[in-house]
Amino acid sequence: MLNKQGRPTQPAESSTEIGQGSETYSGNKGLNLESPLIFEQGLDGRIGVDMAEPKQVESRLGSIARKNPIGLPDLSEPQVLRHFVRLSRQNYAIDSGFYPLGSCTMKHNPRINEKVARLAGLGDLHPMQPTSTVQGALELIDSLAHWLKTITGMPAVAMSPAAGAHGELCGVMAIRAAHEAKGEARTRILVPESAHGTNPATAALCGYKVDAVPAREDGRMDLDAFAEKLGPDVAGVMLTNPNTCGLFESDVKKIAGMVHEIGAYFYCDGANLNAILGRTRPGDLGVDAMHINLHKTFSTPHGGGGPGSGPVVLSDALSAFAPVPFITHGDNGFDLVEHQEGQAEKSFGRMKGYHGQMGMFIRALAYMQSHGSDGLRQIAEDAVLNANYIRVGLDDLMRSPFEGICMHEALFDDSSLKGTGVTTLDLAKALIDEGYHPMTMYFPLVVHGAMLIEPTESESRQTLDQFIGTMRYLLEKAKAGETEMFEQAPRFAPRRRLDETGAARHPVLRWVPETDEEEEKLSQAS
Amino acid sequence: MALKFTEDHEWVLLEGDVATIGVSNYAQEQLGDVVFVEVPEVGADLAKGEELAVVESVKAASEVYAPIGGEVIEVNTELEDSPTLVNEEPTGGGWFAKIKVTDSSDLDELMDEAAYKSYVEGLDE
Amino acid sequence: MRYMPHTADERVEMLAKIGVGSVDDLFVDIPEEARLDALLDLPRHASEMDVEKNFRTLAAKNVSPYSTPSFLGAGAYQHHVPSVADHIIQRSEFLTAYTPYQPEISQGTLQALFEFQTQVAMITGMEVANASMYDGATSCAEAVLMACRITRRKKAVLSGNLHPHYREVTQTTLQFTEFKADELDPTLTGSEDFTSQISKETACVVVQNPDFFGRVEDFSALADKCHEAGALLIVVVNEIVSLGALMSPGDMGADIVAGEGQSIGVPLSYGGPYVGLLATRQKFVRQMPGRLCGQTVDQEGKRGFVLTLSTREQHIRREKATSNICTNAGLCSLAFTVHMSLLGETGFTKLAAVNHGEAATAADALSAIDGVELINETFFNEFTLKLSKNAAEVVEELAARHVLGGVPVSRLIPNDPEFDNMLLVAVTETCAESDLTAFVAALKEIL
């Protein structure tokens, strides 16, 4: 996550100590291998994919056959392979180390999920095949829907949303459609201050005004302030539970009751479902709609930023408004309802092409089957256990803004760094030099210099102990005034700190070939 | 006519019926390195308190509100290429827009430089 | 359970260190009446071997289009995915990394995104592209919102020959905003006339090339008409391979290109995940939704890449953001980049030529059958046939003969008798001669 609390985004002038004497001719350093842009490696006439010669036919392209070259570089297969393997090695990943990025649930991604997603007859189906030829695929989606409904205790689920934020859109659209069906034009959505940015952005896209609710001293939503904001113009509340401070909103049932009392709906942001799997069900907490990030809770790979998948479970009050398509059980097996008619008469519409993120459904279902009812509950228990283990491992050196047991993530503010000259950002970058991916920093916004640590259930006690030891070591160094290692960090990463200010002031968003003019200038200069 | 300041750290310079508007030195320090300024369209009619501009740093976007109402008659096009002017010359070359003022009494509530200075000092404590 | 490292003893020791007696003490904030004591009513955990068996059983109940003659298209296209592309996206370092929020240890993802953005901009003939959207249909909807913001106008016009899912997703996305989209009716005759639709209130016109029925068209004149009225032209491309053979939307004067990138590197996967493409002019970039990767330098002056212009996005701008989107199609965009790099200029244009050659051959063979009429005068690798019988029924009969013989138009445009006998047929490089022979023979039998 990112944040805006005045952290530097342009590196200070480098001390040259680190680089000097360690330069190489190639720019590579041992196993640290650089690769220029793919466009800087091409040479006309190579090819990386063999294919038959095109059939000579009379062109049916009318008047718009391509006349200009595109400018793509030509390379062979081994060159392309090496390029991307070299790039891959400049990435940190869960498979290579501890990745305690709060609110992102960076858990183990099992490889059986990848294997079954690629089976012939699952990974290679066309979305417009006759349903008679994809009964297994429809059964799979239906089965995943059953697991999701059982886990959440909700009667219905919309499978098509493509990611968490897309799921939010689905839920809030269902809420708006439900109000409109009753002839009510409500205008406000209540969202706690600590919410993810997607919540207010989603509400705005549904035409709602966003009204922020402050938090209490204990990190939960302020019920008095909430009650004051409730009124006949409120369409619903969007509440993350467990919330972005890693705490369970213990008044959740009361909140649901207050929301329903005024005829509004309760949207729960399910980003942190991992913490409560098998321990409680959103359906028992009064939730009307909640998205489930399959890429967080159910281990579909994050993939450097996607693709995600965000099915939305719905209460009886909202299920009639679910988007198309959905699966029904017909006389000849499974069927698809693809249009807003008949059973889908009240549906608010269609959210994406085809039927949803099938590739993610396969992986998530494999993960659920692997765990089963007993394993799912163990996930929540170990995730919460690990977070609290980190919390108590650091709480004599760092300050938790909210006291007591946390859920799946431990939150600290930056008061422990006060007066050291070291910031949250510096500490994060020093963790990179220690071989860790930093925690989420400066989020949630309501906590100063926030550090949000989510270990997940995948990590062993030994990994946690080493991380706690590293954090203690760094905090002691900071307090001892040894600031250079922080200012310089990261020193051992493929890149030092990058100039984000320059990137934003003069955006360079693509490669362009050097113009002849520039080349001429260069040759004249030499 | 001297600079007048708002509590939201905008400044106004009234010359005749034309007000030049920007943000204060304190504001630019708080914002950090400015990377982009979205200025209003020339000809836009702004009421007092309406959004006049958006100032962006890398990690934040802050709205700037019109401290005084009127029609926008000129905007600072130099900011497009040099947003850094807001950091370097906040009360000079870093101005945002000029407004033809309809009611200059709006300015009466604003602080003069000395009052603003002590207001800002109060904030830092 | 194989994914969880703690032993029972360790759990007890860790609880003691935390200072609680049992794991239940960690869940005391959950209201008592909502706590679950028993396990959920679901099967217990399963071994990897058993899980694999379950999925093989499910897979066996489906017909893979790669193992039988298949002519399916309608916005998703069967192409060969090079093994290198699938290998690269399974590299742990790409597969199990998160969004590149720490650029110093995410240069792999970032440089690949920069290359993706460049490739997309190049093939669409645009100046810049973003780091991808969910899919083509959502990209189309976002393009319309973007055009409304840029022009500060509220009305979009959608071609009737835009893919029905793209039209539906756009209408769904717009329905609760202040913006509105008018639609023309789908038509099989001639090109559409937008003259009466474009006014000073029009934010944008959205057309598709090749269109839903497979026809290609030069939209240069339409671009001029839009620009005269101060409106933008959005061109949708959902068979991206076509750009290897066709004039790019940028060359026609398009202001925004919304595309589906599935054809390059991304498996069909029953409709998702795919990769939405969005490209535009540099001057509109601050109104563009989604992630953008930009070039910069590090402290030592080395070239590096970062996510940039983030103030457009929801995590900073919240309710004033350009979109609520929070992800891109990461791995799918990487697969696209790898496949496109393997193809290069030579391979991409050749792939397009092969597709066109196969499609033209198939169109000739199929339209020679009694009861089959080719509707298209122009096409790239997909065309519409008018059959003498109901196309949906014919498709079922073809499936019974192990031929996936295209998509009946009525599946996407229902309740319109004009389209009941219309069949969309796509032909790509994966079509073998024997596939076409089987299709022709089966169709002759049925008609």
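None of the values given here were measured: they were computed from a predicted structure. Chain letters run A, B, ... following the sequence lines, proteins first and then strands; every chain starts at 1.
- Not a single donor-acceptor pair under 3.5 Å links the side chain of C/E345 to the backbone N or O of A/P69.
- When each of C/T109, C/V216, C/L246, C/L15 is checked for heavy-atom pairs under 4.5 Å with chain A, C/L246 comes out on top.
- The aromatic rings of C/Y3 and A/H371 sit tilted relative to each other, their planes meeting at an angle between 30° and 60°.
- Under the side chain to side chain donor-acceptor pair (under 3.5 Å) criterion, A/Q90 pairs with no residue, sequence neighbours left out.
- Between the side chain of A/R377 and the backbone N or O of C/L36, at least one donor-acceptor pair lies under 3.5 Å.
- A/D124 and C/S64 share a donor-acceptor pair across their side chains, judged by distance under 3.5 Å alone.
- Although no hydrogens or angles enter the test, the distance criterion places no donor-acceptor pair under 3.5 Å between the side chain of A/Q357 and the main chain of C/G272.
- In this structure, a donor-acceptor pair under 3.5 Å is absent between the side chains of A/E168 and C/N324.
- Between C/T346 and A/D74, the side chains place a donor N or O and an acceptor N or O closer than 3.5 Å (distance only, hydrogens not considered).
- A donor-acceptor pair under 3.5 Å links the side-chain atoms of C/Q175 to the main chain of A/F348, judged by distance alone.
- Side chain of A/T280 to main chain of C/A34: a donor-acceptor pair is present (N/O by atom type, distance under 3.5 Å, no hydrogens or angles).
- Of the possible polar contacts, one joining the C/N62 side chain to the A/G136 backbone as a donor-acceptor pair under 3.5 Å is found.
- Using modelled atom types, one finds a donor on one side chain and an acceptor on the other under 3.5 Å when comparing C/E396 with A/S132.
- In this structure, chain C has heavy atoms under 4.5 Å from both the backbone and the side chain of A/P130.
- Proximity to chain C involves both the backbone and the side chain of A/L61, based on heavy atoms less than 4.5 angstrom apart.
- Every side chain to side chain contact (heavy atoms under 4.5 Å, CB included) that C/N376 has, sequence neighbours left out, goes to C/R215, C/L374, C/F379, C/F383, C/T384.
- With a threshold of 4.5 angstrom between heavy atoms, C/R291 approaches chain A through side-chain atoms but not through N, CA, C or O.
- Side-chain polar atoms of C/E115 and A/H83 form a donor-acceptor pair below 3.5 angstrom.
- For the set A/G207, A/A204, A/S460, the entry with the most heavy-atom pairs within less than 4.5 Å of chain C is A/S460.
- Among A/Q135, A/R279, A/R118, A/M128, the residue with the largest count of heavy-atom pairs under 4.5 Å with chain C is A/R279.
- In this structure, A/D374 contributes its side chain and C/H45 its backbone to a donor-acceptor pair below 3.5 Å.
- Under the 3.5 Å distance criterion, the side-chain polar atoms of C/R91 are left unmatched by any main-chain donor or acceptor of A/R89.
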